[in-house]
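Data block below; observations after.
Quantities reported herein were computed from a predicted structural model and do not represent experimental measurements. For reference, positions follow the sequence shown, starting with 1.
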Amino acid sequence: MSSHHIVRDDQEPALIIANGASCSDELLGQLLEWSPLVVVLDSAIERVLELGIKVDVLIGDFDRDFDPYYYAEQQYPMEVVHISDQDSTDLEKAFNYLVERNIPAANVVWATGKRADHTITNITNIVRYKDKLKIVVLDDYSKIYRIPNQFKKWYEKDTIISLIPVGTVTGIVSTNLLYPLNNESLTIGYRTGSSNSVSEDGIVSITYDQGDLLMMECHD
């Protein structure tokens with residue numbers, strides 16, 4: 001599969017490859033084309049190398065007799081980042097690594113599917129980094145990211161949009177959605193804004209007062 005390095009470092013989002021369900025080659029290829037830095041979690045390295053992807057950084061806790069330098073020899077000059085901290089997931093380790101390098105944004109693939117606990121954690125952890133790193137999680141059916149308190153974006157009619165709160169989000173007001181929100185609250189586990197859609201071609205506007213609100217742009 002095509003490598004990257006056709007754009008200047010740190011001018012485009014880094015790409016993190018986790019170890020959930022695979023995405024399509026088309027999606028992965030599009031992201032690689034615009035990613036100046038590819039970071040792979042240790043649990044995914046075998047799968048990634050089988051696809052012929054050039055890896056810049058291998059990161060993880062390297063448990064279970066994992067030998068990172070075996071892979072480093074195949075991917076020279078790949079950087080090996082060993083973080084033994086057991087209080088953070090390997091994906092969090094990758095986020096922290098990017099923050100330390102002052103890289104402002106990351107796309108994440110293979111972070112959904114397979115184990116449900118991993119999927120939920122990977123998605124909701126987006127909000128922990130809201131002031132440090134712009135994170136977008138992508139798979140073949142969804143694009144997921146936290147939206148700011150004032151959000152506007154152009155969409156085609158009938159685009160499926162889900163607004164998922166992490167905790168409670170208050171004072172939500174929307175325009176150009178089939179099911180509008182008018183100064184309402186959403187709370188995970190009680191009421192979410194799942195499977196809404198765009199009413200007409202044009203700008204969707206969403207504002208809210210307090211909390212963390214995830215946008216999921218979805219298609220079947």
To the nearest 0.5 angstrom, please state how far the [atom1] atom of [X] sits from the [atom2] atom of [Y].
{"X": "Asn19", "Y": "Lys114", "atom1": "CG", "atom2": "NZ", "result": "5.0 Å"}
{"X": "Leu15", "Y": "Gln30", "atom1": "CG", "atom2": "CD", "result": "12.0 Å"}
{"X": "Cys218", "Y": "Tyr141", "atom1": "SG", "atom2": "OH", "result": "12.0 Å"}
{"X": "Asn107", "Y": "Leu28", "atom1": "CG", "atom2": "CG", "result": "11.0 Å"}
{"X": "Ile123", "Y": "Leu214", "atom1": "CD1", "atom2": "CG", "result": "8.0 Å"}
{"X": "Leu133", "Y": "Lys130", "atom1": "CG", "atom2": "NZ", "result": "14.0 Å"}

Would you check if the side chain of [X] reaches a backbone N or O of [Y] as a donor-acceptor pair within less than 3.5 Å?
{"X": "Glu184", "Y": "Asn182", "result": "yes"}
{"X": "Thr121", "Y": "Asp117", "result": "yes"}
{"X": "Ser142", "Y": "Asp139", "result": "no"}
{"X": "Ser199", "Y": "Leu177", "result": "yes"}
{"X": "Asp90", "Y": "Leu41", "result": "no"}
{"X": "Lys93", "Y": "Asp85", "result": "yes"}
{"X": "Ser197", "Y": "Thr159", "result": "no"}
{"X": "Ser35", "Y": "Val38", "result": "no"}
{"X": "His219", "Y": "Asp140", "result": "yes"}
{"X": "Asp201", "Y": "Glu156", "result": "no"}

Measure the shortest side-chain to side-chain distance between [X] and [Y] over non-hydrogen atoms and say whether it is less than 4.5 angstrom.
{"X": "Ile164", "Y": "Leu213", "value": "no"}
{"X": "Leu37", "Y": "Leu98", "value": "yes"}
{"X": "Leu163", "Y": "Leu181", "value": "yes"}
{"X": "Val136", "Y": "Lys143", "value": "yes"}
{"X": "Tyr70", "Y": "Gln74", "value": "yes"}
{"X": "Val81", "Y": "Val39", "value": "no"}
{"X": "Phe62", "Y": "Val80", "value": "yes"}
{"X": "Asp56", "Y": "Gln75", "value": "no"}

Tyr76-Tyr71 aromatic ring centre distance below 6.0 Å: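 No, the ring centres sit 6.0 Å or more apart.
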Side-chain ion pair, Glu217 and Lys153, N-O less than 4.0 Å: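 Yes, this pair counts.
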Salt bridge Asp212-Arg146, side-chain N to carboxylate O under 4.0 Å: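 So Asp212 pairs with Arg146 through a salt bridge.
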Donor on one side chain, acceptor on other, [X] and [Y], under 3.5 Å:
{"X": "Glu79", "Y": "Tyr97", "value": "yes"}
{"X": "Asn176", "Y": "Glu200", "value": "no"}
{"X": "Ser84", "Y": "Asp61", "value": "no"}
{"X": "Lys152", "Y": "Ser205", "value": "no"}
{"X": "Tyr208", "Y": "Gln150", "value": "no"}
{"X": "Thr119", "Y": "Asn122", "value": "no"}

Over all heavy atoms of both residues, which pair between [X] and [Y] is shortest? Give the atoms and the distance, please.
{"X": "Ser195", "Y": "Ser162", "result": "N-OG, 2.8 Å"}
{"X": "Ala111", "Y": "Ala18", "result": "CA-CB, 4.0 Å"}
{"X": "Pro77", "Y": "Lys54", "result": "CD-NZ, 4.3 Å"}
{"X": "Pro36", "Y": "Pro13", "result": "CD-O, 3.5 Å"}
{"X": "Glu12", "Y": "Trp34", "result": "CB-O, 3.0 Å"}

Do [X] and [Y] sit in the same hydrophobic cluster, where Ile, Leu, Val, Met, Phe, Trp and Tyr count as joined when their side-chain heavy atoms come under 4.5 Å apart?
{"X": "Val127", "Y": "Tyr129", "result": "yes"}
{"X": "Val48", "Y": "Tyr69", "result": "yes"}
{"X": "Leu51", "Y": "Ile17", "result": "yes"}
{"X": "Val166", "Y": "Ile120", "result": "no"}
{"X": "Ile188", "Y": "Val137", "result": "yes"}

Criterion side-chain contact (heavy atoms from CB on, under 4.5 Å) on Arg128 and Glu92, from CA distance to verdict: CA-CA 10 Å; Arg128 292 183 55 192; Glu92 291 168 353; 2.9 Å; yes
Check against side-chain contact (heavy atoms from CB on, under 4.5 Å), Val198 and Leu178: CA-CA 6 Å; Val198 178; Leu178 181 61; over 6 Å; no
Residues Phe95, Lys132; criterion side-chain contact (heavy atoms from CB on, under 4.5 Å); working and verdict: CA-CA 9 Å; Phe95 290 154; Lys132 300 177 181 179; over 6 Å; no
Crowding at CD, Gln210 (>12 non-hydrogen neighbours, <6.0 Å):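 Check fails, neighbour count at 12 or below.
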Candidate pair Ile83 and Ile59, rule side-chain contact (heavy atoms from CB on, under 4.5 Å), full reasoning: CA-CA 7 Å; Ile83 303 174; Ile59 193 165; 4.0 Å; yes
